[in-house]
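Written below as structure tokens is the structure these notes are about.
A note on names: the letters A, B, ... follow the listed sequences, proteins ahead of strands, and every chain is numbered from 1.
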Amino acid sequence: MAETMKGLKRTSRCGELTVANVGQTVTVMGWVQKQRNKGGIIFVDMRDRAGLLQVIFEESDCGAESFAKAEKLRSEFVVAVVGKVEKRSGAVNENLSTGEIEVRATEVRILSEAETPPFPIEADSKTKEELRLKYRYLDLRRPDVQNNLILRSKITTTARTFMDAEGFVEIETPMLNKSTPEGARDYLVPSRVHPGTFYALPQSPQIFKQLLMCSGYDRYFQVAKCFRDEDLRADRQPEFTQLDLEMSFVDVEDVIDVTERMVKTICKDAIGLDVGLPIQRMTWAEAMNRYGSDKPDTRFGMELTDVSKVVAGCGFGVFTAALEAGGSVRGINVKGQAEMPRKKIDALIEFAKGYGAKGLAYMSIMPDGTYKSSFAKFMTEEELKALAEAMNGEVGDLLLFAADKTALVWSVLGALRIEIAKQLEMIDNDKFNFLWVTEFPLLEWDEDANRFVAMHHPFTMPMDEDLHLLDTDPGKVRAKAYDIVLNGVELGGGSVRIFQSDVQEKMFEVLGFTKEDAYERFGFLLNAFKYGVPPHAGLAIGLDRFVMLLVKADNIREVIAFPKVKDASCLMTEAPGVVDDIQLKDLQIALDLQEVNE
RNA sequence: GGCCCGGUGGCUCAGUUGGUUAGAGCGCCGCCCUGUCACGGCGGAGGUCGAGGGUUCGAGUCCCUUCCGGGUCGCCA
């Protein structure tokens, strides 16, 4: 039934034609968006990745055979049309880029017929994501997803061009690697040739790019696919892409400089956004104290205030107990929300509990100047007044407090601050606030493992002025590590790497690795360092998140062609799947599946 | 693993304190229509209410279990 395109050659995309093409005879090919049959005249909207084009069929132009075919056209048929570009004699369609013109068909061929799709192929889809992902090949026809992927392609091209001009060499690193537990779970790939052994897919090209520095490539860049077998989120997929770079003979400033110029170039190219340089910087300590987060959203205020000193010795046991346990009491001031209904406050308390808070203390400054508070009866009028003043509380404000271990207080208020800002629509969606967060702690204490773990990774260089603390007070050591944050989302991060073996050994020691452990896992890197290693540093930017934020998508799946769903499966291919016994036998793998009950 | 939200014709949704034969818009199918573009007119088809069990005279609605999708905490060096 379907016809061939023999003898025809496409002359342009549907959406690319303009008034400049009027008078030309063109051949266009694409999908039928919509057919409108008026009887003696038929309008067909054709669609390709460039946009829509109206084709007009009249029997006097195209002959009886083509007219009969035009009558048969249904949505998503693939057609080739030969015709002449004309200025519309009817009304102009303001909504279309091709709205001033149309193609008067002289011939049509039906290259492929189509069943009615399970959901409409149109922008701003209202269809359930489940269905869209099952038929992703249809969903990918929709103009908004197409625009996202086309923009993504443009961004990687811009990044490559920029990095090339800056003297970076793009080098591919292996997908099949040795597993180095520590950090995220690895995706494992069994080896057939070496039964019982496994490759691991890379969580990042970290070690390889450091080795490339040892090998003298000086400046490395890669659009790198990475894999982490962890649970998904709206901005997290098990496989994702990083704009990954590493540089030799540099320090923090050099990496920040080249990165922010790359980011600026990409933003300008992709969406015409001017990013002012230098990008604002904030130390990790300042970010935590002001925003309760190491990736603060600076598009709105409502910053945290430490009131530990103000409430010290007050009569409210929840506050004093937290302080005695070495924690702190901090609050946020929700301006003008003194009258927030009890029900909404309770919901916020529940929200805080989700982050591990035992509760939230609140205090409203009423219009008559009195305080309505969950803890008023435990405090004197003077204490309440001092607290309100410390919070810059004015009439009409709602003050919310958390008291606990400081890390928990930060996390609770940091999350609460964002939740409230969303509820009260305090966030300007047109803003793109970039921020560098610097001077991260080198280590963090792992309660479960009862030891320090690297906050970034074990090759991160301590700050020069904190080096001496590595022996005496490792928890206080700050690292030459930096994250770039956009609108409260961690866009990327990196660090200066340790290149002196004595510092590296000390680091492993603090992490509780024996020399044998260290060599077992990273021997090739440590050995490489013996043969002349340049000081080096690098960074990686999450490409998927970057694109997501630039197109204002609300999840990362909108900028990935074939994403996985929450449980890391693919609704279209149904991956992961079971494999043949023959394949398993080849790999000498026996399954030992546990019944999942309880 | 925990918590929260959702699942009703192809799509998006409505469905009251449990009560006749489960509705709407869009889409789809047929006929008509020479300037439509959210085309229009006339007619029509299409539903195991995610699945299983229970309560009840009676369940889309209440209860239990389970599957699927989303958000989030844990997790993500």
**Item:** Polar side-chain contact Asp231(A)-G74(B) base: donor and acceptor under 3.5 Å
**Value:** yes
**Message:** Need one value for Glu102(A): base, sugar-phosphate or nothing, where a base atom within 4.0 Å counts as base even if backbone is also close, heavy atoms only.
**Reply:** base
**C75(B) - base-pair partner by Watson-Crick or wobble geometry, distances under 3.5 Å** = none
**Asked** With the threshold set at 4.0 Å, does a side-chain nitrogen-carboxylate oxygen contact exist between Asp139(A) and Arg132(A)?
**Response** yes
**Asked** Counting only side-chain N and O atoms of Lys34(A), is one of them less than 4.0 Å from OP1 or OP2 of C39(B)?
**Response** yes
**Prompt:** For atom P, what is the distance between G70(B) and C64(B), given to the nearest Å?
**Reply:** 24 Å
**Request:** Remember a base hit wins even if backbone is also touched, and classify Glu444(A) as base, sugar-phosphate or nothing at under 4.0 Å, heavy atoms.
**Result:** nothing
**Prompt:** Any idea how Trp410(A) and Trp284(A) line up, ring-wise: parallel (<30°), tilted (30 to 60°), or perpendicular (>60°)?
**Reply:** perpendicular
**Asked** With respect to the phosphate group of A77(B), does any side-chain polar atom (N or O) of Arg228(A) fall under 4.0 Å of OP1 or OP2?
**Response** yes
**Output field: ring centroids Phe459(A)/Phe522(A) closer than 6.0 Å** = yes
**Request:** Using Watson-Crick or G-U wobble geometry with both distances below 3.5 Å, tell me the partner of C28(B), or none.
**Result:** G44(B)
**Prompt:** With a 4.0 Å cut-off on heavy atoms, is Arg104(A) in touch with a base, just the backbone sugar-phosphate, or nothing at all?
**Reply:** base
**Prompt:** Would you say the base of G69(B) and the side-chain of Arg132(A) have a donor-acceptor pair closer than 3.5 Å?
**Reply:** no
**Request:** Using a 4.0 Å heavy-atom cut-off across all strands, classify Asn37(A) as base, sugar-phosphate, or nothing.
**Result:** base
**Prompt:** Counting only side-chain N and O atoms of Arg233(A), is one of them less than 4.0 Å from OP1 or OP2 of C73(B)?
**Reply:** yes
**Request:** Scan Gln504(A), Gln210(A), His457(A) and name whichever one has a side chain to side chain donor-acceptor pair (under 3.5 Å) with Arg497(A).
**Result:** His457(A)
Which atom pairs link the protein and nucleotides 5-13 of chain B when you take only N or O atoms and keep those under 3.5 Å?
| unit_1 | atom_1 | unit_2 | atom_2 | d |
| --- | --- | --- | --- | --- |
| G10(B) | O2' | Pro118(A) | O | 2.6 |
| U12(B) | OP1 | Lys128(A) | N | 2.6 |
| U12(B) | OP2 | Lys128(A) | NZ | 3.2 |

**Message:** Need one value for Phe43(A): base, sugar-phosphate or nothing, where a base atom within 4.0 Å counts as base even if backbone is also close, heavy atoms only.
**Reply:** base
**Prompt:** On a whole-Å scale, what distance lies between the C1' atoms belonging to C76(B) and C13(B)?
**Reply:** 37 Å
**Message:** Taking only side-chain N and O atoms of Arg557(A), does any of them lie within less than 4.0 angstrom of OP1 or OP2 on G71(B)?
**Reply:** yes
**Message:** Under 4.0 Å, counting only non-hydrogen atoms across every strand here, what does Leu571(A) touch: a base, just sugar-phosphate, or nothing?
**Reply:** sugar-phosphate
**Asked** Think Lys353(A) has a side-chain N or O under 4.0 angstrom from the OP1 or OP2 of C3(B)?
**Response** no
**Message:** Which residue in the set Leu243(A), Leu486(A), Val485(A) passes side chain to side chain contact (heavy atoms under 4.5 Å, CB included) when paired with Leu491(A)?
**Reply:** Leu486(A)
**Asked** Less than 4.0 Å between a side-chain N and a carboxylate O, is that true for Asp466(A) and Lys476(A)?
**Response** no
**Request:** Would you mind telling me which of C75(B), C37(B), G69(B) lies closest to the side-chain atoms of Gln54(A)?
**Result:** C37(B)
**Request:** Could you check whether Thr460(A) gets within reach of a base, just the sugar-phosphate, or nothing at all, counting any heavy atom under 4.0 Å?
**Result:** nothing
**Request:** Please give the nucleotide sitting opposite G23(B) as a Watson-Crick or G-U wobble pair, both distances under 3.5 Å, or none.
**Result:** C13(B)
**Asked** Looking only at atom C1', what distance separates C28(B) and C67(B), rounded to whole Å?
**Response** 30 Å
**Item:** Nearest-Å distance once atom P is located in both G18(B) and G60(B)
**Value:** 13 Å
**Prompt:** Can you tell which of C37(B), U34(B), A77(B) lies closest to the side chain of Ser204(A)?
**Reply:** A77(B)
**Message:** With nearest nucleotide decided by heavy atoms, which residue, Arg185(A) or Leu96(A), maps closer to the 5′ end of RNA chain B?
**Reply:** Leu96(A)
**Asked** Below 4.0 angstrom, N of the basic side chain to O of the carboxylate: do Arg228(A) and Asp186(A) qualify?
**Response** no
**Request:** Would you mind reading off the distance between Arg36(A) atom CZ and G27(B) atom C1', rounded to a whole angstrom?
**Result:** 16 Å
**Item:** Exercise: do Asp544(A) and Gln237(A) side chains pair donor with acceptor under 3.5 Å
**Value:** no
